[in-house]
Every structure is written in C-alpha cells, then in structure tokens.
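Right, one structure below, let's go through it.
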Amino acid sequence: MKPDLTAEPPQDTPLPRPKTSTLKRLMRHQALYVLLIPGLLYFVVFRYWPLWNAQIAFKDFNPTLGVEGSPWAGFKYFIQFFESFYFSQLMTNTLIISVAKLVLGIPPAIILAIAIHEARLKWLARGAQTVSYLPHFLSWVIVFGVLLALLSPSEGLVNQAIGALGGDTIPFLTSPEFFRSVIVLSDIWKETGWGAILYLAALLSINPTLYEAAEVDGATRWQRIWHISIPGMLDVIILVTLLRLGHILDAGFGQIFVLYSLPVYSVADVIDTWVYRQGIQNFQFSLATAVGLFKGLIGLALILTANRMAQRFSGRGLY
Amino acid sequence: MEDTLTSRKPRTRDDLLFDGLINGILLFVLIVTLIPLVYVVMVSVTPMGEKSSLFLPPTQWSFSAYIELLKQPAMLRAGLNSVIITVGGVLVSMIVTVLTAYPLSRRDLPGRKIISGLILFTFLFNAGLIPLYLVIRDLGLINSYWALLLNGAVSVYNLFVMKNFFENLPDSLEEAARIDGASELQILWHIVMPLSKPILLTIGLFYAVTSWNNFFDPILFFSDREMMPLPVILRDILTGLNSADYAESTSNTTSHPEALKMAAVVLTTLPMLLIYPWIQKYFTRGTLTGGVKE
C-alpha cells in the first residue's frame with residue numbers, strides 16, 4: 001500500500017514545526033508504518049485479493065487455468081441468473097425474511113429500552129437487561145439446539161403443550177408454512193436485548209430536567225414517554241432503521257444456513273445460502289461469484305444511500 | 001433520579017397501572033429469555049425412560065448424557081480444536097488489531113485517511129464467498145487452522161472502536177515519553193496499552209466469542225473431520241448427521257437420546273456462560289456508542 005504523498009500537513013501538532021519535505025515526514029513516522037505492516041497485509045491478502053478474484057464472475061472459470069487464465073465470458077452468468085427461476089424466488093425470500101425481521105424486530109427493542117428506563121424496581125430492570133443480552137452471544141448452532149428443545153415434533157415443549165391441549169404436533173422446522181416465522185421469532189428472541197442497548201443509551205442521554213419539568217406541569221408518565229422519551233430516541237430509531245435497510249439483502253446467512261433443510265428451501269433459500277450451495281457444493285464458481293457480486297453491489301448502493309439519508313435526517317451516520 | 005421525586009406522592013391508579021405494565025414487560029422478557037435455556041438444561045439431565053416436561057422436573061437428575069459425551073474421543077478432540085481456534089484467534093486478532101489501530105489513531109500520520117478509507121471500503125463491500133475461498137485455497141490454507149486465524153484476524157468494527165479509544169487518550173504522556181527517547185513500540189506497550197485496559201478486554205472478549213462460535217469457516221475451509229470444532233460437531237449431533245461417529249454411544253446408550261443432544265448444547269455453551277459476567281461488565285463502555293460517530 002502506498003503511503004499518501006498528497007496528504008495535508010499535520011493539523012494538530014503541539015508545536016509549529018518548520019516545513020519539512022514529504023520524505024522527511026514519512027521518515028519520521030517510519031516506525032509507525034512498520035507497525036502497520038501486518039494489518040495492511042491482512043487487508044491486501046484477505047480483503048483486496050478476493051476483489052481481484054471476483055473477475056471470475058465475468059469469466060468461464062476453470063480451476064486448472066486459474067483466475068487470470070480463464071477465458072472471458074462477459075455478462076453470461078449475470079444473465080443466466082436473472083433469467084433463471086431462482087432469481088425471483090431468492091429475491092422474494094430474502095426480502096420477506098429481511099423486512100419481517102426489520103419491522104417486527106425494532107419495536108420490541110424500543111419497548112424493552114423504555115421499560116428498563118422507566119422501571120422503579122431497579123433489580124428487575126437490571127435482571128431483565130442482563131439476561132436479555134445473553135442470547136446475542138450464543139451462536140446459531142446453540143440456538144438451533146434450543147429450538148429443537150422447544151419445537152421438535154416428538155419432545156419439543158411447544159408440541160407437548162399443543163398435545164396437552166388436544167392439537168396435532170407441528171414440525172415447525174421442516175414445514176414451509178412455519179419456517180419463516182421460526183426464523184423471524186428466533187431472531188427477535190436472540191437480538192432484542194442487544195438491540196435495546198442503543199435505544200437505552202439514547203434515553204440515558206436525555207436531559208433529566210425535561211422529565212422533571214414535564215412532571216411539574218402535570219404530565220402523566222404515559223405523556224412523558226410520548227413527548228420526551230420517543231422524540232429523544234427518534235434520531236437513533238431513524239439511524240438504526242436506515243442502516244438496516246442498507247443491509248436488506250442480508251437476511252441472516254448464519255441463522256438460515258444452520259436452521260434450514262431440504263423441505264423448506266422454497267421459503268428459506270436466500271441469496272447467500274444459494275451462493276454457498278451453487279459455488280462450494282456444485283462447483284459453479286463463476287455463477288455463484290456473479291450472484292455474490294450482484295448482491296454486493298446492490299448492498300453497497302443501499303448502504304451509501306442509507307448512510308447519506310441518516311446524516312440528513314439525524315445528523316449522524318455510521319461511516 | 002425521579003424515584004425520590006415521585007414516590008413521596010400518593011400513587012394514582014394510573015400510576016399503578018403504568019408500573020404494573022412496565023414490570024410485566026420486564027418479567028415477560030426475563031421469563032421468555034430464560035425458559036428455553038432452563039428447559040434445555042432440564043432435558044439434558046432427564047434420565048432414560050422419563051419424559052421431560054417444563055413443569056414436572058425429572059424425579060432424579062442423571063448426568064449420564066454428559067458422562068457419555070465426555071467419554072467420546074471425537075467430542076474431546078472437538079473441544080481441543082475449539083480451544084486452539086479461540087486462543088489462537090484471540091492472540092492473532094488482538095496483535096494485528098492493536099498494531100493497526102495505534103498508528104491510525106495518530107493524527108499526524110501522513111496517509112492515515114487514505115488507509116482508513118481503504119479499510120472502511122472492505123467493510124462496505126466485499127467480493128463474496130467464492131473469491132475468498134479461492135484465496136484461502138491458493139494460499140494452501142485448506143485444512144489449516146491458519147485459515148480461520150488469518151481470515152478472522154481483523155474485524156473492521158472492532159478496529160475502528162479501538163482506534164477511536166486510542167484517539168481519545170491524553171497526548172501529553174506520549175509526548176513526554178517521546179522526548180525521553182522512547183520508541184513507538186515502547187510507547188505503545190508501556191503507555192497506551194495500560195491506559196486502554198477496558199477496551200482491550202472488551203474487544204478481546206468479542207474476538208473470543210466470535211472464534212468460539214465460528215461455525216461456517218471450519219465447514220468451508222476444513223474437510224478433515226478431525227479438525228472440526230465443537231459447533232460443527234454439535235450440529236451433526238443435533239441433526240443426526242454423521243451419526244456413525246456417535247452410533248456406538250446412541251445404540252448401547254443408557255441415556256435419553258434427547259438428553260444427549262441437549263447435554264451437547266450445554267457443553268458447547270458452558271465456556272460462554274463462564275465468561276459472560278466478564279463481557280457484561282466491560283462491553284457497555286466504549287463499544288455501544290463508539291460505533292456511532294457524531
């Protein structure tokens with residue numbers, strides 16, 4: 001990686017230094033550049049080299065000829081994907097799962113944050129908070145085990161309850177009617193507590209005198225939530241929503257990959273899981289790369305747009 | 001803060017309703033989060049021949065499922081693999097992340113904006129799975145632990161959080177050391193690192209959790225079953241895949257097959273539960289708002 005030769009002069013040096021040549025400035029920092037070597041190597045090898053390899057999306061990739069040696073194929077694989085019946089199925093599944101997680105996932109986190117903030121029983125608030133983070137740190141494989149304990153047709157807790165009430169057992173994880181609900185609800189179970197942190201941080205940064213003044217004016221606690229807490233969180237709510245919109249094509253690869261199975265592919269298969277199966281399992285390297293690249297480019301455009309909108313609406317952005 | 005203000009007043013009916021609702025929500029979250037986890041533990045200790053149920057605890061606890069799992073060489077091997085991946089992953093990640101974050105936190109470093117920009121770009125856009133797979137393959141890292149340690153070496157998010165933390169440290173100490181002739185590495189080691197303990201611990205724990213939970217990379221980069229960590233084995237146990245490895249234990253088993261599955265879930269979760277109080281303590285500082293720039 002080339003050091004930046006056109007950088008502006010350092011801005012907040014403690015003492016005004018005499019003007020030195022660029023070379024001298026670089027030399028003065030040579031020790032720092034040496035420290036940067038492992039990190040830069042990492043990004044070049046594991047993040048930029050794959051970008052170079054992505055050219056196989058436009059080639060008929062042949063492993064014996066290698067990335068550079070394979071013949072060019074133009075947009076063949078992109079067109080093949082757009083014209084295949086998978087295209088609409090994958091886009092539909094990806095968007096349904098992703099939008100459902102967004103729409104159904106954000107309100108519980110906001111409500112939890114408000115509840116923690118308003119609670120008078122501090123031990124209960126602290127307990128709920130501590131416990132609600134925990135699932136975030138469990139992997140989806142663990143959650144898969146938990147879901148089996150709850151949902152398996154033979155021993156699952158939910159099916160035991162259904163049985164006790166006289167209903168028929170439901171194979172939730174393998175039936176297309178229920179699979180998406182399981183995906184969305186388990187995501188809410190896992191991430192609500194973690195998601196509430198940002199809203200809680202926003203609530204804690206609201207000036208307490210606002211609440212006191214409202215109380216003196218006779219506002220009920222409902223009114224204080226509506227007129228102070230919600231507006232105080234609005235920036236963060238907008239920010240989180242926009243940024244998640246930027247990731248709308250990421251329906252949650254790890255989760256779906258662990259939980260899905262052949263009977264539910266029709267409702268569960270998303271772009272990322274399809275890329276894995278076509279690329280790694282069926283050796284369709286060029287096709288899978290083309291689809292991955294398509295997703296990446298749409299994603300990049302969405303994220304940049306979302307970030308710009310976040311900056312406009314709330315004055316804050318992530319990047 | 002408002003506790004003392006309002007609690008002196010007589011509670012109105014509206015107020016009681018409000019508190020009831022708030023407490024109800026919190027209790028609901030507490031219970032809904034915990035019940036599935038408690039149930040997993042209960043199933044894991046249910047002896048053969050008994051049916052597990054949430055409201056009727058097993059008549060006696062049986063740890064035979066745990067004993068059987070721990071007697072299996074495949075399980076112990078997977079546990080060892082997980083430890084190698086986690087310890088190695090944290091070491092590599094922390095070294096590379098600190099060494100990258102520190103120079104980038106120095107405002108007087110020429111080129112720091114361009115380098116940060118190039119790093120940020122990889123966060124926003126990546127080439128996808130297959131091109132990365134080809135890199136790992138071309139480097140000869142298939143079936144090598146290095147595939148996981150190196151591919152997961154830096155999380156851009158963690159890197160920027162750490163960089164922001166370093167930027168907010170007081171400059172005066174570093175300046176003083178520099179005047180005394182300390183080298184950059186000495187400044188980093190003796191001054192910056194001791195001042196950064198909270199962030200180093202937080203990020204170290206984040207890397208540990210990520211490595212311990214790493215499930216997909218081993219499937220992608222390892223074909224050797226001997227190298228698979230616990231999460232991969234756990235999924236095989238849960239789905240009944242590759243049951244040949246466990247056939248012995250499940251055929252002449254003295255434990256409930258469901259108990260065996262849930263015991264495997266608990267064993268894989270255990271290290272997480274042991275370090276969770278630590279994570280809890282540290283993660284709120286710095287990381288929560290650190291990612292959101294004004």
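Chain A is the first sequence line, chain B the second, and so forth, proteins listed ahead of strands; every chain is numbered from 1.
- Between chain B and the options Ile280(A), Leu148(A), Thr192(A), Leu150(A), heavy-atom pairs under 4.5 Å are most frequent for Ile280(A).
- In the model, Tyr133(A) has a side-chain atom that pairs as donor or acceptor with a side-chain atom of Gln129(A) under 3.5 Å.
- Residue Val154(B) touches chain A through both its backbone and its side chain, counting heavy-atom pairs closer than 4.5 Å.
- Summarising the geometry, atom CG belonging to Asn214(B) is positioned 9.0 Å from atom CZ belonging to Phe221(B); distances are rounded to the nearest 0.5 Å.
- Most heavy-atom pairs under 4.5 Å with chain A, from the set Leu129(B), Ile95(B), Asn151(B), Leu34(B): that is Asn151(B).
- Ranked by heavy-atom pairs under 4.5 Å with chain A, the first of Val135(B), Leu30(B), Ile22(B), Val40(B) is Val135(B).
- Put simply, of Val265(B), Val96(B), Val266(B), Leu26(B), the one with the most heavy-atom pairs under 4.5 Å next to chain A is Leu26(B).
- Between the side chains of Gln255(A) and Ser186(A), a donor-acceptor pair is found at a separation under 3.5 Å.
- Taking chain B as the reference chain and counting heavy-atom pairs below 4.5 Å, the highest number among Leu138(A), Leu293(A), Val291(A) is found for Leu138(A).
- Of the possible polar contacts, none joining the Thr268(B) side chain to the Leu230(B) backbone as a donor-acceptor pair under 3.5 Å is found.
- Using a 4.5 Å cut-off between heavy atoms, Tyr133(B) contacts chain A through its side chain alone, with no backbone atom that close.
- Only the side chain of Ile25(B) comes within less than 4.5 Å of a heavy atom in chain A; its backbone stays farther off.
- Of the atoms belonging to Leu132(B), heavy atoms from both backbone and side chain fall under 4.5 Å from chain A.
- Aromatic rings from Tyr157(B) and Phe206(B) are positioned such that their centres are separated by 6.0 Å or more.
- Contact of Val209(B) with chain A is made through the side chain alone, with heavy-atom distances under 4.5 Å.
- Looking at Pro38(A), the atoms closer than 4.5 Å to chain B (heavy atoms on both sides) sit in the backbone and in the side chain alike.
- For the set Leu139(B), Thr97(B), Asp138(B), Leu104(B), the count of heavy-atom pairs under 4.5 angstrom toward chain A peaks at Leu139(B).
- Comment: Arg106(B) does not engage Glu175(B) in a salt bridge, judged by the lack of any side-chain N to carboxylate O separation of less than 4.0 angstrom.
- Of the listed residues Asn126(B), Leu37(B), Leu27(B), the one with more heavy-atom pairs under 4.5 angstrom with chain A than any other is Leu37(B).
- Residue contact with chain A, scored on non-hydrogen atoms closer than 4.5 Å, involves the side chain of Ile136(B) exclusively.
- The backbone N or O of Ser183(B) sits less than 3.5 Å from a side-chain atom of Gln186(B), completing a donor-acceptor pair.
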**Request:** Decide side chain to side chain contact (heavy atoms under 4.5 Å, CB included) for Tyr102(B) and Ile187(B); before the verdict, give the C-alpha distance in whole Å, the side-chain angles of both, and the deciding distance to 0.1 Å.
**Result:** CA-CA 10 Å; Tyr102(B) 175 62; Ile187(B) 293 172; 3.6 Å; yes
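- Looking at Val156(B), the atoms closer than 4.5 Å to chain A (heavy atoms on both sides) all sit in the side chain, from C-beta outward.
- Heavy-atom distances place no part of Ile31(B) under 4.5 Å from chain A, backbone and side chain included.
- When each of Leu188(B), Ile219(B), Leu220(B), Leu185(B) is scored by its heavy-atom pairs under 4.5 Å with chain A, the top score falls to Leu220(B).
- Of the listed residues (Ile142(A), Asn53(A), Leu32(A)), the greatest number of heavy-atom pairs within a distance under 4.5 Å of chain B belongs to Leu32(A).
- Relative orientation of the Tyr48(A) and Phe121(B) rings is parallel, given thresholds of 30° and 60° on the angle between their planes.
- Thr12(B) and Asp14(B) share no side-chain donor-acceptor pair at under 3.5 Å.
- Of the listed residues Leu297(A), Thr220(A), Leu41(A), the one with more heavy-atom pairs under 4.5 angstrom with chain B than any other is Leu297(A).
- Salt bridge Arg221(A)/Asp19(B): present, at least one basic N to carboxylate O contact under 4.0 Å.
- Of the atoms belonging to Trp189(A), it is side-chain heavy atoms, and not backbone ones, that fall under 4.5 Å from chain B.
- The cationic atom of Arg120(A) (NZ for Lys, CZ for Arg) does not lie both less than 6.0 Å from the six-membered ring centre of Phe18(B) and within 45° of the ring axis.
- When each of Trp222(A), Phe144(A), Phe257(A), Phe253(A) is scored by its heavy-atom pairs under 4.5 Å with chain B, the top score falls to Trp222(A).
- Among Leu51(A), Val67(A), Leu134(A), the residue with the largest count of heavy-atom pairs under 4.5 Å with chain B is Leu134(A).
- Aromatic rings from Phe137(A) and Trp194(A) are positioned such that their centres are separated by under 6.0 Å.
- Residue contact with chain B, scored on non-hydrogen atoms closer than 4.5 Å, is absent for Trp140(A).
- By the 6.0 Å contact criterion, CH2 on Trp189(B) is open, its count of non-hydrogen atoms from other residues, nucleotides or ligands being 12 or less.
- There is no contact between Phe28(B) and chain A, counting heavy-atom distances below 4.5 Å.
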